Amino acid sequence: MATSAYLRAANQPPPLEGHDLFSHDTALVEAFRREGAEAREGEIAAFGELCGASATLEQGRRANEHPPTLRAFDRFGERIDEVEFHPAWHDLLRIGVEHGLHGFPWVDDGTSPHVTRAARFVVLAYAEAGVGCPLSMTYSVVPALRTDPELTHEWEPGLTARAYEPGLRPSTEKAGLLSGMALTERQGGSDVRANETRADPLSDGYSLTGEKWFCSAPMCDVFLVLAQAPGGLTCFVLPRVLPDGELNGLRLRRLKDKLGNRSNASAEIELDDAWAARLGEEGRGVATIIEMVAHTRLDCVLGSTALMRRAVAEATHHAAYRSAFGRLLTDQPLHRNVLADLCLDSEAATATALRLARAVDEDDRPFRRLATAVAKYWICKTTPPVVAEALECLGGNGYVEESVLPRLYRESPVNSLWEGSGSVNALDLLRAAAREPESVEALLAEIDLGGGGDGRLDAAASRLRAELADPAEVEHRARRIVELAALCLQGSLLVRHAPTEVADAFCASRLGGEGGRAYGTLPAGVDCAAIVERHRPKLDG
């Protein structure tokens, strides 16, 4: 049997496990303090130790190697529509629920609850991203429910309770509940106004009949569903199990065989005379659901931030211990350039994500309305190339499943697809600019806080204003505009808050045109060694 001494002699890094995922992430710690949650740092550090423990990281591996399966019928041929998960999935989801990632900010009156949750979400997603889906859906459904006091009274206590109770039972028999959603259909996708699911009025609610192409987290207790009522597209609250214990008319056709996000279940479903309660007015389904989407988009940003952080942690850790051609990889100028370039995107994502969370704490709707769409577009779009380059930093070992990089790589595109693809979010910027000009002014005001800190940022901000003011072929240019907006926002945050070497390298390469299209093209003069050391997990103290 190989010993740890043998492994070290064989030029292999020690396993990156058994450490505090929060305290070893300097950019996250600084953002957490800066955005107002410093008083809760102790509890987040304890959570970081839990999620970074070898056992927790191993649960993430097992949950992905044993994805969920559908049991549509029992042995007697009776319909049960159950999704079976590996025990590791339940253990990880229980961690998330018991630490309140699904809803504690809505009932917590402590310091900066949404910033605190954001840090927890990033740390847990580092260990395993799949459980983020039901946690995010449940967190995001509460503000939508609050448009209806009666439904809020019925559902919010269970949706915010820190009790994980899997299994299909009436909501009145469970202390803790989880929520999913079923919005899109085959013929429309993101164009939900093309939905064909029908909602027929009943004396005590509605009867829903139709199909949904994607149902997120189908094992949940309750779902938000869009369907066509007599007055138009409407939002509904649909329980999985009726009060008498009978299954509601939600049938699972099959589970999606996805590229990544393997531990989590997504399903195609059929609604067969399923009972539901209306949420909001008839014909106002999109307006009702948008409050939920605003929060799930934030979680897409947080999830992608976590994926980037883990990829960067693995790459910088490997380079600190692996030697080639007589030197550690981290001491070789070209490889150090690559690592530093990756670190910039990870730090920029972290700063942006927690700034957005503070906007939720402050109920700063003008800023988060546009900034969330901008950040969701760019950070989620940046994640796959970051993970791909980090994988390459490990060489052939990075292409092997045990390295965890292949799992991260498969996971990396998902947040750019969920809650509106890249183009949907880019067009959302144009929509906000036209209908809610105060959101544009709020974003520009945030960018201007970094004014005078770096001439390249100032020039980019001027270009952004010109792009926004130019109506010519604006849809054609939408991605260019949203990318520039995101980079200006990130540049402003880093100029104000990051070390000089980080801000200078970011502005030079992302805003000043001094970098190339591939990672590892930072210009001469950048202090790559300091940037890499800032982001390397410090297992050695």
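Computed from a predicted model, the values in this text were never measured in an experiment.
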| Under 3.5 Å, is there a donor-acceptor pair between the R278 and Y206 side chains? | yes
| task | Establish, from distance only, whether the side-chain atoms of D273 and S207 form a donor-acceptor pair under 3.5 Å. | result | yes
| request: For a side-chain hydrogen bond (donor to acceptor under 3.5 Å, both in side chains) with S23, tell me which candidate from D25, D20, T26 qualifies. | output: D20
| Listed once per pair and sorted, the salt bridge (Lys or Arg N to Asp or Glu O under 4.0 Å) pairs that draw on residues 90-110, sequence neighbours left out | R40-D108, D91-R94
| field | Contacts of type side-chain contact (heavy atoms from CB on, under 4.5 Å), residue A486, not counting sequence neighbours | value | V374, W378
Under-4.0 Å salt bridge between [X] and [Y]:
X    : Y    : result
R120 : E43  : yes
R407 : E65  : no
E156 : R146 : yes

| Any idea which heavy atoms bring M137 and S216 closest together, and the distance? | SD-CB, 4.3 Å
| Cation-pi check, R355 onto F367 ring (under 6.0 Å, within 45° of axis) | yes
Distance, nearest 0.5 Å, that separates [atom1] of [X] from [atom2] of [Y]:
X    : Y    : atom1 : atom2 : answer
T147 : M292 : OG1   : CE    : 12.5 Å
E38  : S112 : CD    : OG    : 10.5 Å
T160 : W155 : OG1   : CH2   : 13.0 Å
H114 : R368 : NE2   : CZ    : 8.5 Å
E270 : R251 : CD    : CZ    : 8.0 Å
L159 : L178 : CG    : CG    : 8.0 Å

| query | Does the separation of the ring centres of F22 and F47 fall below 6.0 angstrom? | reply | no
| Check: Y139 ring centroid to F104 ring centroid under 6.0 Å | no
| query | What orientation do H90 and F85 show, parallel under 30°, tilted 30 to 60°, or perpendicular over 60°? | reply | perpendicular
| field | Contacts of R431 that satisfy salt bridge (Lys or Arg N to Asp or Glu O under 4.0 Å) - sequence neighbours left out | value | D428
| said: Are more than 12 heavy atoms, taken from residues, nucleotides or ligands other than E282, located less than 6.0 Å from that residue's CD atom? | reply: yes
| message | Applying salt bridge (Lys or Arg N to Asp or Glu O under 4.0 Å) to E165 and K174, what does each step give before you reach the verdict? | response | CA-CA 7 Å; E165 296 187 32; K174 301 176 74 173; 6.0 Å; no
| Would a distance-only check, ignoring hydrogens and angles, find a side-chain to backbone donor-acceptor pair under 3.5 Å from K376 to N415? | yes
| request: Kindly indicate, with the supporting measurements, whether the criterion side-chain contact (heavy atoms from CB on, under 4.5 Å) is fulfilled by V225 and L250. | output: CA-CA 11 Å; V225 180; L250 188 158; over 6 Å; no
